[in-house]
Amino acid sequence: MNHANARLHGLRGERGQALAEFALVLPLLLLLIAGIIEFGRAWNIQQAVTDASREGARLAVISDGASMGTVRAKVEARLTAAHIQAATIDTIDFSPAASWKPSQPDGSSMTVTVRVNYEIPFLGALMGLGPIKIGAQTVMRNE
């Protein structure tokens, strides 16, 4: 076996080794990318839930005659605009709900709590995870 043939034989072995290493690393790389994408979507949903909570609280404290039904509709509209389906909405709570009087500038506050269920698509199915609750709470003083 001459020197050129030995060198060519060595390169073939290294190509096979690189392919085997790539086959071992590729699933981990894909899992990492899927995790980054799903974390980004969960973060986006958190921001949308926070925005919906703020919009609802703001409407409740500044609007004359805003009923809790009107505020709930506003919160649901903001969630729908963020492509969060109504079936995933877990809770929309108001506090104080029974004694609230709109446009009564007495310094009292309105608390709006919004929670949704987020099903983690790929990693949740792979790891057997159920939905997680993503929520936000906003407190605003009556104006």
Side-chain angles (χ1 to χ4, degrees), residues 4-143:
N5 286 341
R7 201 172 78 204
L8 183 60
H9 181 67
L11 288 177
R12 285 186 188 150
E14 287 179 17
R15 278 193 221 138
Q17 178 185 357
L19 184 61
E21 289 172 356
F22 181 71
L24 290 172
V25 171
L26 183 63
L28 295 174
L29 182 63
L30 291 176
L31 191 64
L32 178 69
I33 290 170
I36 290 170
I37 290 170
E38 290 183 5
F39 179 78
R41 177 64 181 147
W43 186 268
N44 180 277
I45 289 174
Q46 171 64 46
Q47 295 302 315
V49 168
T50 300
D51 179 55
S53 174
R54 279 191 205 128
E55 288 284 330
R58 185 74 180 149
L59 179 64
V61 298
I62 66 167
S63 184
D64 251 350
S67 69
M68 291 302 107
T70 305
V71 175
R72 180 180 299 276
K74 177 70 170 182
V75 170
E76 289 174 353
R78 295 301 292 179
L79 292 173
T80 302
H83 303 289
I84 297 173
Q85 298 169 353
T88 64
I89 298 172
D90 181 50
T91 307
I92 301 175
D93 285 333
F94 307 100
S95 176
S99 62
W100 183 251
K101 294 183 179 120
S103 293
Q104 190 173 20
D106 58 359
S108 62
S109 61
M110 167 58 79
T111 302
V112 177
T113 304
V114 180
R115 281 189 296 277
V116 298
N117 293 317
Y118 173 60
E119 188 76 40
I120 303 170
F122 178 71
L123 292 179
L126 189 66
M127 300 173 142
L129 299 174
I132 59 172
K133 293 195 186 303
I134 298 177
Q137 185 176 46
T138 302
V139 179
M140 287 193 184
R141 281 187 35 213
N142 193 3
E143 296 179 2

Any donor-acceptor N/O pair, Arg78 side chain to Asp51 backbone, under 3.5 Å: no
Spacing of Ile132 atom CD1 and Ile45 atom CD1 [to the nearest 0.5 Å]: 8.0 Å
Minimum-distance pair of heavy atoms, taken over all atoms of Ala52 and Val75: O-CG2, 3.5 Å
Residues which pass side-chain hydrogen bond (donor to acceptor under 3.5 Å, both in side chains) with Thr88, listed by chain and number, not counting sequence neighbours: none
CD1-CG distance between Ile37 and Leu32, expressed to the nearest 0.5 angstrom: 10.0 Å
Gln46 versus Thr50, side-chain donor and acceptor atoms under 3.5 Å: yes
Nearest heavy atoms of Ala57 and Thr138, plus distance in Å: CB-CG2, 3.8 Å
Over all atoms of both residues, closest heavy-atom pair of Ala48 and Leu79: O-CD2, 4.1 Å
Identify each donor-acceptor pair in which a side-chain atom of residues 112-127 lies under 3.5 Å from a protein atom, sequence neighbours left out, and give them as a table.
{"from": "Thr113", "atom 1": "OG1", "to": "Gln137", "atom 2": "NE2", "distance (Å)": "3.1"}
{"from": "Asn117", "atom 1": "OD1", "to": "Lys133", "atom 2": "NZ", "distance (Å)": "3.0"}

Qualifying residue, where the test is side chain to side chain contact (heavy atoms under 4.5 Å, CB included) with Leu59 and the options are Arg54, Lys74, Met110: Lys74
Atom pair CG (Leu19) and CG (Leu24), whose distance is rounded to the nearest 0.5 Å: 10.0 Å
Check: Thr111/Ser95 side-chain N/O donor and acceptor closer than 3.5 Å: no
